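In what follows, a single structure is set out as structure tokens and then discussed.
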There are 2 protein chains.
Amino acid sequence: MSSPGDILDLISRGDAGTRAELARVTGMARSTVAQRVDTLIAYGLVEEHETGASTGGRPPRVLRLATERNCVVGVDLGATHCRVALMDIGGRLLADREDPLRITEGPEPVLRHIDDRMHELLAQAGRPLAAVKAIGIGVPGPVEFATGRPVNPPIMPGWHEYPIPDYFTSRYDLEVLVDNDVNALALGEVRHGSTAADNLLFVKIGTGIGCGIIAGGRLHRGAQGAAGDIGHIRVPGADSAACRCGNTGCLEAVAGGAALAARLTQAGVPAADGRAVVDLVSSGDPMAVRLVREAGRDIGDVLAGLVNFFNPEAIVVGGVMAAAHEHLLAGVREVIYQRSLPLATHRLTVAPTEAGEAGGALGAGRLAIDHVLAPDNIDRALAAHAAGAAPAAR
Amino acid sequence: MSSPGDILDLISRGDAGTRAELARVTGMARSTVAQRVDTLIAYGLVEEHETGASTGGRPPRVLRLATERNCVVGVDLGATHCRVALMDIGGRLLADREDPLRITEGPEPVLRHIDDRMHELLAQAGRPLAAVKAIGIGVPGPVEFATGRPVNPPIMPGWHEYPIPDYFTSRYDLEVLVDNDVNALALGEVRHGSTAADNLLFVKIGTGIGCGIIAGGRLHRGAQGAAGDIGHIRVPGADSAACRCGNTGCLEAVAGGAALAARLTQAGVPAADGRAVVDLVSSGDPMAVRLVREAGRDIGDVLAGLVNFFNPEAIVVGGVMAAAHEHLLAGVREVIYQRSLPLATHRLTVAPTEAGEAGGALGAGRLAIDHVLAPDNIDRALAAHAAGAAPAAR
DNA sequence: CTTACTTAGTTCGATTTTCGTCAAAAGCGG
DNA sequence: CCGCTTTTGACGAAAATCGAACTAAGTAAG
């Protein structure tokens, strides 16, 4: 028994593109499938496109997601930037834009900025506001996902407990998902990129270090939504490094972008931040290269433990520092393959992210898409639609 | 729309115990619920028991799992022991028995032993063989769960790729689930014990150290079924300890039962194995106490990292060494609360397991029960039953 | 160009499933 | 004993689903 939501799921995943195929895959009668499809078309989620290639008989009519009328907005909020992306529910990027923006300015100005950019992008892409079904936002700090409230975020003063979704839901008829930025990145990697993995770690190495976790095909957020905070795991042999968290020997204090910049500066090679370090590496500065490779080994040390514990099939590295991935990954791989168990590393891939600059925003958009297209939510929406339409028709 | 399987799920979880309650919970018509229940009763999975207490009107008839006719067998295989437990599908222990048995003897003798014990326990409990719907087996090594084949298990020579389920499925009409022993323990803790947690780590500290992972309410096995192998994570400041895995500084080489026994012996207090260490601790030997507490700190060091990464709501400690849990847990807690982030430790509980000696077998049994009662499997079984019965009746 | 064949989609009556109401059952309280 | 409440079973009504027949739209062979 497949509900309309399940049908839509098959269409959106590309598992079935025509009525006949849907009938074969679900095992339901063709007439029933046709009726389900009609419902979805009437509701505006599915469209009939061109007729496909014949396989010896009447050519099928291809079904597609109604990408013209259904979009989402993905937002990547960083400490000093804000990227907003407009995507259709097929996952295609329609338009995006990045601006410098200090998250420390507080919720209202930042959310107003997002709001403005959303309208700009909609105008640019020629889509109406009503086409936006959901907004996904990735923020650089812990969030209670269910309510969309940041929880004591270290680098987001003024955001603690702020109900981010309310800003938009009080103005527009759409849904808002707020999550940690690394979770968005991880989701984007498995659902948008080509890395098909049910168990994946997305390691973001920027100023700090964080990790998005896909466990059994689903995002793992942990009990308090604090999962993935690997920046403060202790690195063997680095007890002298003091971390902003108050402890010593944290991974972030050893291999984070800020830490590398500081160490490089101290060694006589001035570097303002992580990006500066990356630039030095690109230009072949031997000291910077050595430091980054060493950082890779430190990160690898922590990841080796996590590989034993979690047994992922892929580790994807992103973030500012990942731009220097040849040297960084060399160090990471070196230690992982040395320290992790053969069974766990046997088929493990360690690779840089394929998503570019817009990765975070695309991942956040994917979060929104997954929510909009979730079979349960579709069925609920259709039921509400039918209940609202039927009495009005009488 | 709740299928018969879902109905059974509600009954087995205790969420609804009468037809009226089921109707309220599922939102389906009472007549529909009654029909579903009839199906389950006819199939022999549910029984009507005594009438419950009236709440002012006709007293309801209480529905229960048909525990008389449906049992499972849970098996805990250790390096040197084999515990077999007979449970009903309600999770109640009917009979169990433990024998010394070297797993190195190889698959056939060991499985024959299990087979014999199963029949003994059945006779003892007065249940027919046909009542056994599934067997769950926890083994001390990595297993490909889907096929029930061990994968290069270090302490199980001769078991590599051996198809354990076949031994039983070729003889009897039942299903066999084989998993790592720590996974069984973890499952037993959340489903059998009182620790209700969607994200839990069960840390087994015996000769070696392993960890069962519950992520989002489900067992996390990882890509190769190798997840939870925390015994070979590197402990900061222990690089001198050589491990049997070939590396140095592994947790197991520092805090495992075998390592502790060796260190204690070296210090002039002879101890044969982990259990001997525990005995010494119980008798108040100061050296042993100090060592165990130190081991707790080392384990805590690794767990602190995993708490940051995984953000569980509970850590449960079991295994031989956990018998000395006052001192062990003191060390574990000490380091975790010092090194993990406040948000992650805020509501974290660290406690010894409540399951006793039979924990492993009970957990393995729970694995079998969960499989038997899984809504999808129930619906499949009912469909097959109906398809087989209907044509015969004509 | 026609004809046979194949596959896709639609229509509509038959069947099955589910619902909702009604009545009977079974206890409580006065 | 009688009204009240709650549970359960029964049965006709309503809805969902199926399946077969039919139409549509192509390919391939002669």
Side-chain angles (χ1 to χ4, degrees), chain A residues 1-7 10-11 15-43 46-64 375 378-379 382-383 385-387 389-391 393-394, chain B residues 1-7 10-11 15-43 46-64 375 378-379 382-383 385-387 389-391 393-394:
Chain A
M1 228 104 339
S2 302
S3 69
D6 296 326
I7 298 286
L10 290 169
I11 296 173
D15 292 341
T18 72
R19 290 177 179 78
E21 241 174 24
L22 284 167
R24 276 194 294 271
V25 172
T26 63
M28 298 194 306
R30 290 207 303 280
S31 46
T32 309
V33 169
Q35 189 252 39
R36 293 274 149 86
V37 170
D38 287 347
T39 307
L40 290 169
I41 291 177
Y43 189 66
V46 168
E47 283 172 350
E48 255 176 4
H49 273 235
E50 78 286 4
T51 60
S54 164
T55 57
R58 169 175 173 173
R61 273 187 265 168
V62 176
L63 301 170
R64 297 255 179 89
I378 292 291
D379 291 343
L382 289 175
H385 186 245
R394 269 182 210 166
Chain B
M1 229 102 341
S2 303
S3 70
D6 296 326
I7 297 286
L10 291 169
I11 295 174
D15 291 341
T18 71
R19 291 176 177 80
E21 241 174 25
L22 284 167
R24 276 195 294 270
V25 172
T26 62
M28 299 194 305
R30 288 202 302 279
S31 45
T32 309
V33 169
Q35 188 251 38
R36 294 273 149 85
V37 171
D38 288 347
T39 307
L40 291 169
I41 291 178
Y43 190 65
V46 168
E47 284 172 348
E48 255 175 5
H49 274 236
E50 79 288 3
T51 60
S54 164
T55 57
R58 169 174 176 173
R61 273 188 265 167
V62 176
L63 300 170
R64 296 255 179 87
I378 292 289
D379 291 343
L382 289 174
H385 185 246
R394 268 180 212 169

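These values consider heavy atoms only, across backbone and side chains, with no hydrogens, waters or symmetry-generated copies. Letters A, B, ... are given to chains in the order of the sequence lines, protein chains preceding strands, and every chain is numbered from 1. This is a predicted model, so every value here is computed, not measured.
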Answer yes or no: side-chain N or O of A:Arg58 and base N or O of C:dT7 forming a donor-acceptor pair under 3.5 Å.
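Answer is no: no donor-acceptor pair is held.
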Please report the interatomic distance CD1(B:Ile41) to CG(B:Leu63), rounded to the nearest 0.5 Å.
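Rounded to the nearest 0.5 Å, the CD1-CG separation comes to 6.0 Å.
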Enter the distance from A:His49:NE2 to A:Thr18:OG1 here, rounded to the nearest 0.5 Å.
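If I round to the nearest 0.5 Å, the distance is 14.5 Å.
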How close do A:Ala16 and A:Val25 get, heavy atom to heavy atom, and via which atoms?
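The pair with the smallest heavy-atom distance is CB-CG2, 4.3 Å.
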For A:Arg24, give me all partners under salt bridge (charged side-chain N to carboxylate O under 4.0 Å, His left out), at least two apart in sequence or on another chain.
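Partners of A:Arg24 under the salt bridge (charged side-chain N to carboxylate O under 4.0 Å, His left out) test: none.
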Rounded to whole angstroms, how far apart are [atom1] on [X] and [atom2] on [N]?
X: A:Glu48; N: D:dA25; atom1: CD; atom2: P; value: 12 Å
X: A:Arg61; N: C:dT10; atom1: CZ; atom2: C1'; value: 9 Å
X: A:Arg19; N: D:dA24; atom1: CZ; atom2: P; value: 16 Å
X: B:Leu382; N: C:dT17; atom1: CG; atom2: C1'; value: 16 Å
X: B:Ile7; N: C:dT18; atom1: CD1; atom2: P; value: 10 Å

Going through the distances and angles, do B:Leu22 and B:Ile11 end up as a side chain to side chain contact (heavy atoms under 4.5 Å, CB included)?
CA-CA 8 Å; B:Leu22 284 167; B:Ile11 295 174; 4.2 Å; yes
As a quick check of understanding, evaluate side chain to side chain contact (heavy atoms under 4.5 Å, CB included) for A:Ile7 and A:Met28, giving each step before the final call.
CA-CA 11 Å; A:Ile7 298 286; A:Met28 298 194 306; 3.9 Å; yes
Earlier contact from the 5' end, DNA chain D, for A:Thr55 and A:Arg36
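Final value for this comparison: A:Arg36.
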DNA chain C contacts made by residues 27-35 of chain A, counting heavy atoms under 4.0 Å
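The stretch gives A:Arg30, A:Ser31, A:Ala34 as the residues lying under 4.0 Å from the strand, ordered by number.
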Pairwise 5' ranking along DNA chain C for A:Thr18 and A:Gly56, keeping only the more 5' one
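First, find each residue's nearest nucleotide; the 5'-ward one identifies A:Gly56.
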